[in-house]
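So the structure is just underneath, and the comments pick up after that.
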Amino acid sequence: RGGARPGVIAILKVVLGGGLVALILKYSLAASLAERHPFLALRLDADNPGALVTTARQMIERVLASSEANVRADGARVQASAAAQELVAGAHNAVAQSTAGPMRPTPHQTREVEAAIVLVPRAPDAPPLHYRGTTLLARLTELAVTDDPSAAARPYYERAAELSPHASEANLWLLRDDMRKRDHETAIRRADTQLRATSQAPPVVHPLLAQLLERPEATEAVTRLILSDPPWRDRFISELPRYVADARSPVTLLIALNERSRPPTTDSVRIYLEALLEHAHYELAYGAWLQLLPRERLPDVGFLFNGDFEANLSGLPFDWNIRSEGAVAIHVVPLASNRSDRALRLAFSGGQARLSDVTQIIVLAPGDYRLAGKYTGHLQGRRGLRWRISCLGDTATLLAETAMHIGANPEWRKFELPATVPAHGCEAQRVHLSLDARTASERVVSGTMWYDDLHIAHETRGVTRAAR
């Protein structure tokens with residue numbers, strides 16, 4: 001009997017160890033299934049918090065989906081700016097955005113809601129599920145209460161927001177509710193908190209903050225917040241053109257930022273100007289660019305900007321923009337003969353130059369003009385380089401083009417290009433240099449060409465007035 005005791009102990013160890021492993025596997029498997037297969041997870045662990053919350057959420061989603069369908073059938077409209085509708089479409093709080101009033105669940109939906117109400121409180125109040133469960137209770141309250149459901153649900157949303165900075169759904173609901181109540185100070189503070197909480201803040205926060213910027217009674221407070229240089233500033237400024245109802249709204253903000261020690265980034269300004277140009281706000285774009293231009297650069301402004309290539313290229317639409325791809329390199333570099341003088345150089349290495357493009361947007365009033373400049377270099381190939389002036393917009397009407405610049409030009413040669421801007425349909429123009437190739441074989445070019453001292457002159461009554 002004494003010899004049998006170790007065997008019994010060994011068997012007990014195996015049984016206990018196996019049971020422990022089984023328990024570990026059971027709860028681990030339940031946890032892994034909770035999000036995607038909550039029904040199976042609950043079969044393994046009836047009190048699994050993740051599965052309980054997921055099941056309740058799915059029930060609520062079914063109720064919301066059918067309720068939203070009813071609202072749309074009744075002709076309700078979502079209260080969101082046109083620019084933000086696409087982003088808002090997937091948000092979970094459609095109840096709060098509907099103008100049709102409280103949604104009244106059908107008997108089947110009521111049973112779903114009641115079942116979800118039973119499930120949610122069973123989930124333990126422990127991170128990270130606690131704020132999710134509280135948010136679900138808030139949404140359930142909106143569905144279950146017919147008398148002022150927003151007021152009844154708000155305490156739950158506030159509690160969820162207090163429990164975790166990641167309770168984005170609750171914070172967004174509260175932000176919209178604050179905006180609905182015209183409590184702009186709280187709404188702005190809440191938007192700032194949400195944007196600071198995580199780099200992955202819901203994208204809908206930006207259009208809501210843009211709406212606040214355009215409300216006259218909130219403009220000053222939003223501007224003051226952005227001037228304080230919050231960490232999310234640059235991203236918001238870059239996305240702002242997508243969300244404003246008035247294309248002029250960002251100008252004042254950008255000008256105010258331009259006076260600060262950290263002005264708006266070039267990318268932010270470029271995105272705004274390109275958005276204006278895309279919507280044919282040519283004069284507004286040009287005026288905004290002038291106001292944001294450094295004061296020391298204003299004397300260089302003319303019909304063509306930076307035509308001598310002495311200043312560094314900004315990449316903005318009303319300065320030179322260079323694109324190159326393949327066997328070509330395009331740069332602004334010092335001249336070998338005079339290192340203090342800079343010029344535009346296009347160097348082709350003999351392969352296929354898939355893209356060789358130098359452009360600048362200009363805004364000329366109707367009338368007669370003349371583009372002039374000089375070039376030198378040697379270019380070998382079937383086709384050469386051309387300067388063109390064309391209208392900006394859908395038609396892209398060609399106004400004028402030079403002869404091809406090709407062959408040997410050892411000395412600087414002048415060129416001129418007269419162009420007439422019509423009275424209609426050509427509010428802005430594009431000055432464009434490119435390789436005039438029509439086929440792949442014509443893109444095979446070798447050699448180097450230089451350009452300098454470009455300017456545009458306005459011709460009227462026999463008098464030519466130049467502007468660089």
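Hydrogens, waters and symmetry mates are skipped; everything else that's a heavy atom, side chains included, is used.
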Separation of His405 NE2 from Thr376 OG1 (nearest 0.5 Å): 11.5 Å

How are the rings of His279 and His281 set relative to one another: parallel (under 30°), tilted (30 to 60°) or perpendicular (over 60°)? parallel

Please indicate whether Phe309 has more than 12 foreign heavy atoms, meaning atoms of other residues, nucleotides or ligands, lying under 6.0 Å from its CZ. yes

Report yes if some heavy atom in the side chain of Leu240 is under 4.5 Å from a heavy atom in the side chain of Tyr272; otherwise report no. no

From CA spacing to verdict: side chain to side chain contact (heavy atoms under 4.5 Å, CB included), Trp232, Asp192: CA-CA 9 Å; Trp232 46 264; Asp192 179 39; 2.9 Å; yes

Step by step, would you call Asp177 with Arg180 a salt bridge (Lys or Arg N to Asp or Glu O under 4.0 Å)? CA-CA 5 Å; Asp177 198 48; Arg180 180 178 62 84; 2.5 Å; yes

Between the main-chain N or O of Leu364 and the side-chain N or O of Gln429, is there a donor-acceptor pair closer than 3.5 Å? yes

Look at atom CZ of Arg215 and say whether more than 12 heavy atoms of other residues, nucleotides or ligands are closer to it than 6.0 Å. yes

Nearest-0.5 Å distance that lies between atom OG1 in Thr439 and atom CZ in Arg383: 9.0 Å

pair Leu195-His206: side-chain heavy atoms closer than 4.5 Å: yes

In Trp320, Trp289, Phe318, the residue satisfying ring pair (Phe, Tyr, Trp, His ring centres under 6.0 Å) with Phe305 is Trp289

On a heavy-atom basis, the closest approach of Leu298 and Leu290 is CD2-O, 3.9 Å

Atom of Ala170, atom of Ala160 and distance for their closest heavy-atom approach: CB-CB, 3.8 Å

Counting C-beta onward and ignoring hydrogens, is there a side-chain heavy-atom pair between Leu227 and Leu257 closer than 4.5 Å? yes

For Tyr156 and Thr135, what are the C-alpha separation, side-chain angles and deciding distance, and is it a side chain to side chain contact (heavy atoms under 4.5 Å, CB included)? CA-CA 7 Å; Tyr156 291 104; Thr135 301; over 6 Å; no

Any idea how Phe303 and His458 line up, ring-wise: parallel (<30°), tilted (30 to 60°), or perpendicular (>60°)? perpendicular

Hey, are the side chains of Asp229 and Arg262 touching, using non-hydrogen atoms and a 4.5 Å cut-off? yes

Nearest-0.5 Å distance, CG of residue Leu273 to CG of residue Leu292: 7.0 Å

Taking all non-hydrogen atoms of both residues, which atom of Asp341 and which atom of Glu310 are closest, and how far apart? OD1-OE2, 2.7 Å

Report, as yes or no, whether the 6.0 Å neighbourhood of atom CD on Glu325 holds more than 12 heavy atoms from other residues, nucleotides or ligands. yes

Parallel under 30°, tilted from 30 to 60°, perpendicular over 60°: which one fits the rings of Trp387 and Tyr451? perpendicular

Hey, what do you get for CZ (Arg233) to OG (Ser268), rounding to the nearest 0.5 Å? 7.0 Å

Spacing of Thr397 atom OG1 and Leu392 atom CG [to the nearest 0.5 Å]: 11.0 Å

Say whether Thr420 and Asp368, considering side chains only, have a donor N or O and an acceptor N or O under 3.5 Å apart. yes

Among residues two or more places apart or on two chains, list those pairs meeting salt bridge (Lys or Arg N to Asp or Glu O under 4.0 Å) that have a residue in residues 271-297. Glu259-Arg295, Arg270-Glu274, Arg297-Asp300

Above 12 or not: heavy atoms from other molecules or residues under 6.0 Å from CD of Glu185? no

For Arg386, the side chain to side chain donor-acceptor pair (under 3.5 Å) test, sequence neighbours excluded, returns Asp436

Under the criterion side chain to side chain contact (heavy atoms under 4.5 Å, CB included), I'd like the reasoning laid out for Ser390 against His432: C-alpha separation, chi angles, the key distance, then a yes or no. CA-CA 8 Å; Ser390 58; His432 182 206; 5.6 Å; no

How far apart are the C-alpha atoms of Arg189 and Asp183, what are their side-chain angles, what is the distance that settles it, and do they pass the salt bridge (Lys or Arg N to Asp or Glu O under 4.0 Å) test? CA-CA 10 Å; Arg189 184 172 64 252; Asp183 184 357; over 6 Å; no

I'd like to check Tyr375 versus Leu433 (side-chain heavy atoms, cut-off strictly below 4.5 Å). Are they in contact? no

Using atom types as modelled and distance alone, determine if a side-chain donor or acceptor of Glu214 lies under 3.5 Å from a backbone N or O of Ala245. yes

How long is the span from the OG1 atom in Thr252 to the CG atom in Leu213, to the nearest 0.5 Å? 9.0 Å

Go through the steps to decide whether Asp452 and Trp412 satisfy the test side chain to side chain contact (heavy atoms under 4.5 Å, CB included), and finish with yes or no. CA-CA 9 Å; Asp452 201 4; Trp412 285 101; 3.9 Å; yes

Begin from the C-alpha positions of Asp319 and Ser314 and carry the test side-chain hydrogen bond (donor to acceptor under 3.5 Å, both in side chains) through to its verdict. CA-CA 7 Å; Asp319 196 354; Ser314 64; 3.2 Å; yes

Taking C-beta and beyond as the side chain, do His331 and Leu313 meet within less than 4.5 Å on heavy atoms? no

Would you indicate whether the side-chain heavy atoms of Thr186 and Leu174 approach each other to under 4.5 Å? no

On a heavy-atom basis, which atom in Met404 and which in Gly384 lie closest, and how many Å separate them? SD-N, 3.2 Å

Ala187 to Asp178 - nearest heavy-atom pair and separation: CB-CB, 3.8 Å

Only one of Asn258, Val301, Val269 passes side-chain contact (heavy atoms from CB on, under 4.5 Å) with Leu293, and that residue is Val301

Measure the shortest side-chain to side-chain distance between Tyr157 and Arg139 over non-hydrogen atoms and say whether it is less than 4.5 angstrom. yes

Distance-minimising heavy-atom pair for Pro250 and Ala247: CD-O, 3.3 Å

